[in-house]
Amino acid sequence: MSEDSLVNAMRPGSKNPLQERNSTDLGRFGMGLKTASFSQCRRLTVLSKEEDGDVHYRCWDLNHIASTDDWQLLTWVSDPILVAQLKTQPHGTVVVWELADRLVGGMLSEKGKDLSKFNQIIERVQWHLEMTFHRYLQQGLVIKINGVLLKPWDPFLAGRKGTQRLPDEELAEQVSITPYVLPHHRMFDTDEECANAGRIKGWNSHQGFYVYRNDRLLVAGDWLGMFPRNEHHRLARIAISLPASLDQEWQIDIRKARARPPHFLRERLQAIAAVTRKRAADVYRSRGSRLQKLTGAGDDVSPVWMLEVKEGRTRYKLNRDHPFLQSLLTDLDGSPLATRLKDALRLVEESIPTSQIAVTMSEANGSEGYPFDDDEGEAFEMMQRVYKRKRAAGHTQNEARQYVSCIDPFHRKPHLLEQLVG
């Protein structure tokens, strides 16, 4: 920037929001640099150099303003080395925050607890930048924090196996819509990869529309008042891309953190979202993958739990036809223990804390454990006992293995099925 441009950039409200801007301009109100800086620190210094020009610098110091009772834009820099370093560059701009009372107020670097808290703040800043500017990072923008190169975080997992990209749509005045349905969390190779797709806020909070203005993300997961967030729609994410010329029409606020679609587009956006949400719910309910079988036989897996909808109410019931329960109920039929067992099963069914489970799983970002993951040895012993009972009843090895492979949750352990012997 030239000296005049720098002085103007340091002036709060330096731009008329109604003024026509360059199509690639990310600014609008002329407030972002100043308000963002003063929300974190008490001294803001900006140094800038044009191509083959001199280094110019200006400083806002809130302590100086408070002591003089005068808004003086200072021609001052606390560290002359910054000027010397910028002189060696062909051009560029440096923004310096000092007296960061909001960011590190009261913290001491020698305290382990404070240092850990500061590192957590840095991590959240890193994730925010990787999300907000992920399209620019994909296009080659370089951002580093403490020397660490930031990587773009694509909320849509575009190009990943299992991600569904629904047909694009072009709405009025260069508004483009691209719906995505993400893979079920069981399709991820690692827990870390699954957690990264939910980032800090979690999978549930990241469902909805993603509104971009000139490729800068403004809204990261929100149904814009059209639908409530729902566990079954956690895999639905829809990109909306806008040009800067529609700021007023979409009511872009001064923080560039809110957008409201114009009334004449809401019906079409709602229809697109409804289709995407339905597709996402189908993937979520199917658990993201087909049930595994040891052989090609078409037997259905016998689940432990059954979903029942009666008179508009949803509940879960234990499957009495599950091999474990069926054999036990048959053996106990007619005995006093049969009645006690049935009473116990009914008590379990009526006492399932479904609401608490939903809340817990939402907070866990979809990272619930799988059956017997912590003790596969116990699972194998149970499988072996069932297998041997079938063999003792005269079934072949393949028939006995096939029987075990159709029992929930043993069908999820094909590597253990292959080890059954006897």
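Residue numbers start at 1 and run along the sequence shown.
- Rounding to the nearest 0.5 Å gives a distance of 7.5 Å between OG1 of T93 and CG of L86.
- Ring orientation note: the planes of W305 and Y316 are nearly perpendicular, at an angle over 60° on the 30°/60° scale.
- Atom CD1 of I240 sits about 5.0 Å away from atom CG of L269, to the nearest 0.5 Å.
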Practice prompt. Give the C-alpha distance, both sets of side-chain angles, the deciding distance and a yes or no for side-chain contact (heavy atoms from CB on, under 4.5 Å) between I145 and L129.
Written response: CA-CA 10 Å; I145 295 182; L129 294 174; 4.1 Å; yes
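- In this structure, W203 contributes its side chain and C194 its backbone to a donor-acceptor pair below 3.5 Å.
- Within a 6.0 Å sphere centred on CD of E267, other residues, nucleotides and ligands contribute 12 heavy atoms or fewer.
- Side-chain contact check for H134 versus P155: some heavy-atom pair is nearer than 4.5 Å.
- Judged by distance alone, with hydrogens and angles left aside, the side-chain atoms of S405 form a donor-acceptor pair with the main-chain N or O of Q402 at under 3.5 Å.
- Closest non-hydrogen pair, I238 versus W223, comes out as CD1-CZ3, 4.0 Å.
- Between the side chain of D333 and the backbone N or O of L329, no donor-acceptor pair lies under 3.5 Å.
- Looking at N204 and Q207, their side chains come closer than 4.5 Å, going by heavy atoms from C-beta outward.
- For the pair P261/L224, a side-chain contact is recorded, criterion being any heavy-atom separation below 4.5 Å from C-beta on.
- Scanning both residues, F209 and M226, for their nearest heavy atoms gives CE1-SD, 3.9 Å.
- Considering all non-hydrogen atoms of both residues, T163 and L157 come closest at OG1-O, 2.9 Å.
- Formation of a donor-acceptor pair under 3.5 Å by the K49 side chain with backbone atoms of Q89 is found in this model.
- Between the side chains of R42 and N63, at least one donor-acceptor pair of N or O atoms lies under 3.5 Å.
- Atom CD1 of I81 sits in a sparse spot, with 12 or fewer heavy atoms from other residues, nucleotides or ligands closer than 6.0 Å.
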Item to complete: Decide side-chain contact (heavy atoms from CB on, under 4.5 Å) for R43 and W97; before the verdict, give the C-alpha distance in whole Å, the side-chain angles of both, and the deciding distance to 0.1 Å.
Response: CA-CA 6 Å; R43 183 188 296 154; W97 287 358; over 6 Å; no
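- Checked by atom type and distance alone, the side chain of W60 never pairs as donor or acceptor with a backbone atom of W71 at under 3.5 Å.
- A salt bridge between E349 and R320 is present, with a side-chain N of the basic residue lying under 4.0 Å from a carboxylate O of the acidic one.
- Ring planes of F156 and Y210: perpendicular class, angle over 60° (limits at 30 and 60°).
- Within the model, atoms CD1 of I177 and OG of S241 stand 7.5 Å from one another, a figure rounded to the nearest 0.5 Å.
- In this structure, R401 contributes its side chain and L420 its backbone to a donor-acceptor pair below 3.5 Å.
- When atom types are taken as modelled, the side chain of R213 and the backbone of L217 share no donor-acceptor pair closer than 3.5 angstrom.
- In this structure, the side chains of Y180 and Q164 stay at 4.5 Å or more apart for every pair of heavy atoms.
- For the residue pair D154/Q138, the side-chain donor-acceptor check at 3.5 Å is not satisfied.
- Proximity of a side-chain donor or acceptor of E130 to a complementary backbone N or O of K151 within less than 3.5 Å is detected.
- For D408 (side chain) and V304 (main-chain N/O), a donor-acceptor pair under 3.5 Å exists by modelled atom type.
- Classification of the H322-F324 ring pair by plane angle, with boundaries at 30° and 60°, yields perpendicular.
- Heavy-atom minimum distance, P183 versus R160: CG-NH1, 3.9 Å.
- The shortest non-hydrogen separation linking V283 to H184 is O-CD2, 3.7 Å.
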Discussion item. Using side-chain contact (heavy atoms from CB on, under 4.5 Å), reason through Q85 and V94 one step at a time and then give a plain yes or no.
Written reply: CA-CA 10 Å; Q85 290 176 333; V94 178; over 6 Å; no
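- Of the options R279, R277, K278, a side-chain hydrogen bond (donor to acceptor under 3.5 Å, both in side chains) to H233 is made by R277 and by none of the others.
- To the nearest 0.5 Å, atom OG of residue S351 and atom CZ of residue R346 are 9.5 Å apart.
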Discussion item. I'd like to know whether W127 forms a ring-ring contact (aromatic ring centres under 6.0 Å, His included) with H206, so could you lay out the CA-CA distance, the side-chain angles of the two residues, the decisive distance to 0.1 Å, and finally the verdict.
Written reply: CA-CA 14 Å; W127 285 7; H206 275 299; 9.9 Å; no
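- Considering CG of L150 and CE of M131, their distance stands at 13.0 Å, rounded to 0.5 Å.
- Of the inter-residue distances, the one linking F38 atom CZ with L44 atom CG reads 5.5 Å to the nearest 0.5 angstrom.
- Taking all atoms of both residues into account, the shortest heavy-atom contact from L62 to C41 is CD1-O, 4.2 Å.
- In E170, the CD atom is crowded: over 12 heavy atoms of neighbouring residues, nucleotides or ligands sit closer than 6.0 Å.
- At least one side-chain heavy atom of L166 sits less than 4.5 Å from a side-chain heavy atom of V181.
- Judged purely by atom type and a 3.5 angstrom limit, S67 uses its side chain to pair as donor or acceptor with the backbone of H64.
- The shortest distance between side-chain heavy atoms of W153 and R199 falls below 4.5 Å.
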